[in-house]
Amino acid sequence: MPERIYNFSPGPATLPVEVLEEAARDIVNFKNKGIGLIELSHRSKEFMAVAEETETLIRQLLAVPENYKVLFLQGGASSQFFMIPMNLLGNGKKATYLNTGVWSKKAIKEAENFGDITVAYSSADVSFNRVPQENEYNVTPGSEYLYLVSNNTIYGTQFASFPEKETMLVCDMSSDILSRPLDIAKFGIIFAGAQKNMGPAGVTVVIIRDDLLDRVADNVPTMLKYKTHADKSSMFNTPPTFAIYCVGRVMNWLKAQGGVAAMQKINEKKASQIYQVIDSGDFYRGHAEKASRSMMNIAFNLPTSELEAKFISEAAAVGLDGLKGHRSIGGCRASIYNAFPAEGVDKLVDFMTGFAADNS
Ligand SMILES: *Cc1c(COP(=O)(O)O)cnc(C)c1O
């Protein structure tokens, strides 16, 4: 096998190599049982144990309280954009949304089909380079929930802390779940597509407070009710078995790293190394305002788009892959989720320093 490259892709993203190796073995011969992991019935005792272990590890790592369910759903994080308002709104019910980029805009569009939505804050006029402070917006009275995206994958912005408003929070944590400790009790629903910080594409993890399960209207399709999946421990229909298995192995790896508090320190160190290079001169310009900077995705520009193209191709040539920014803002972006190795950050920092010196 050739040497692994450093993959800065925003998602699907890099995974711990030991997880990939274990998965490769288990796909062919699961725990030496003479049957491949992805051939197992989802109702077999072997797979039920896999699903249970995955859930238990998520509960331990995030300290999920007893009165919350952990669900493994399909349809990507994007299906949560409509599932949430379909289950929680309807009939003139209100919700407040914060618009911090593409992923919240899409969620707002879907929610408007099911309720009375207020967009209490938007950073659209500053190309989503920031998230709001607590005093910059109000929650519309009577809102069922306040919706936010904790980390804006495209722009590299992140809420450093969560709103302290009275209203229950609903949060898209697709790109920073398990990167830092959380007080789950503030949230009604947390969801995350696995392919950024938890595993491969194919499963969406939903953490939902159990009193919300009964709010849903009768006419919502069975598959789109959280209650359906909660009542059957995510086995109402065939769940994405391989993705659930991989998430479990990644959780096991994360536990061995010391859990989310230890991971937060590692993440802060990795991100600060890159921000230091950005701040050390005027060659690189960070996209995000400093107070809104993400630990997971670092979006930056070079003096010209020609230099950005040169940077991306020269970086790829030395094994630093996936540094092209999202098409909506251009430039460069380094995605450095939990599993992104510290050595890859060191290598990027050296490369950035050298590139600036050679091209200033
Ligand atoms: C990637 C991403 C999504 C979309 O996820 P899908 O699983 O592709 O639907 C939603 N929200 C955020 C914050 C993301 O980063």
Side-chain angles (χ1 to χ4, degrees), residues 7-15 71-86 97-111 121-124 127-132 145-160 162-163 169-180 182 187 189-207 223-224 229 234 239-240 242-244 246-247 250 267 271 287-288 292-299 322 324-329 333-340:
N7 174 16
F8 290 91
S9 157
T14 201
L15 290 171
L71 308 177
F72 300 116
L73 305 185
Q74 300 190 63
S78 300
S79 290
Q80 296 307 306
F81 300 166
F82 63 80
M83 231 173 125
I84 289 162
M86 236 181 168
Y97 278 64
L98 304 179
N99 180 12
T100 54
V102 163
W103 301 119
S104 48
K105 263 198 321 216
K106 289 186 171 180
I108 290 163
K109 176 168 179 274
E110 299 302 315
Y121 172 84
S122 171
S123 47
S127 43
F128 299 114
N129 71 354
R130 66 193 302 274
V131 296
Y145 59 85
L146 169 61
Y147 182 102
L148 71 156
V149 179
S150 58
N151 182 71
N152 296 280
T153 323
I154 294 171
Y155 320 90
T157 67
Q158 186 175 27
F159 282 83
F162 287 99
L169 303 179
V170 168
C171 190
D172 177 354
M173 289 194 196
S174 292
S175 53
D176 69 349
I177 192 166
L178 293 149
S179 68
R180 53 182 171 175
L182 283 177
F187 300 87
I189 298 178
I190 290 169
F191 68 93
Q195 70 272 21
K196 276 128 189 175
N197 214 10
M198 310 180 95
V203 66
T204 304
V205 172
V206 175
I207 303 173
M223 274 293 286
L224 300 183
H229 301 284
S234 304
F242 176 67
I244 293 170
C246 287
V247 168
V250 173
N267 288 331
H287 179 74
S292 297
R293 280 177 165 177
S294 168
M295 298 294 132
M296 300 276 99
N297 311 92
I298 300 175
K324 195 169 169 23
H326 189 268
R327 58 196 179 281
S328 62
I329 59 163
R333 171 176 48 171
S335 297
I336 48 167
Y337 303 116
N338 286 353
F340 190 91

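Every heavy atom of this structure was used, including side-chain atoms; hydrogens, water molecules and symmetry mates were not. Just so it is clear, the structure is predicted and the values come from calculations on it, not from any experiment. Numbering starts at 1 and runs along the sequence shown. Counting starts at 1 for both ligands and their atoms, in listed order.
Between R333 and T153, the closest heavy-atom pair is NH1-O, 2.8 Å. Counting all heavy atoms, side chain and backbone alike, I154 lies closest to S328 at CG2-OG, 3.5 Å.
In summary, the atoms of ligand 1 found under 4.0 Å from a heavy atom of S174, numbered by their order in the structure, are 10 (C), 11 (N), 12 (C), 13 (C), 14 (C). Residue contact check: G76 has heavy atoms under 4.0 Å from atoms 7 (O), 9 (O) of ligand 1. Less than 4.0 angstrom separates some heavy atom of Q195 from each of these atoms of ligand 1: 5 (O), 6 (P), 7 (O), 8 (O). Here is the list of ligand 1 atoms found below 4.0 Å of a heavy atom in V149: 13 (C).
Scored by the side-chain hydrogen bond (donor to acceptor under 3.5 Å, both in side chains) test, R130 finds Y121, E136, E289 as partners (sequence neighbours excluded). Annotation: side-chain hydrogen bond (donor to acceptor under 3.5 Å, both in side chains) contacts of Y145 (sequence neighbours excluded): Y97.
Of the protein's non-hydrogen atoms, T153 OG1, 2.5 Å is the one closest to atom 15 (O) of ligand 1. For atom 9 (O) of ligand 1, the nearest non-hydrogen atom of the protein is S78 OG, 2.6 Å. Closest to atom 1 (C) of ligand 1 among all protein heavy atoms lies K196 NZ, 1.3 Å.
A distance of 6.0 Å separates CZ in R180 from OG in S150, rounded to the nearest 0.5 Å. With values rounded to the nearest 0.5 angstrom, K196 atom NZ is found 13.5 Å from S179 atom OG.
Note: F81 and W103 have tilted aromatic rings, judged against thresholds of 30 and 60 degrees for the angle between ring planes.
Nearest-residue assignment for atom 11 (N) of ligand 1 (options T100, D172, N151, N197; heavy-atom criterion): D172.
With a heavy-atom cut-off of 4.0 Å, I154 does not touch ligand 1 at all.
Between A77 and ligand 1, a contact under 3.5 Å exists for at least one N or O pair.
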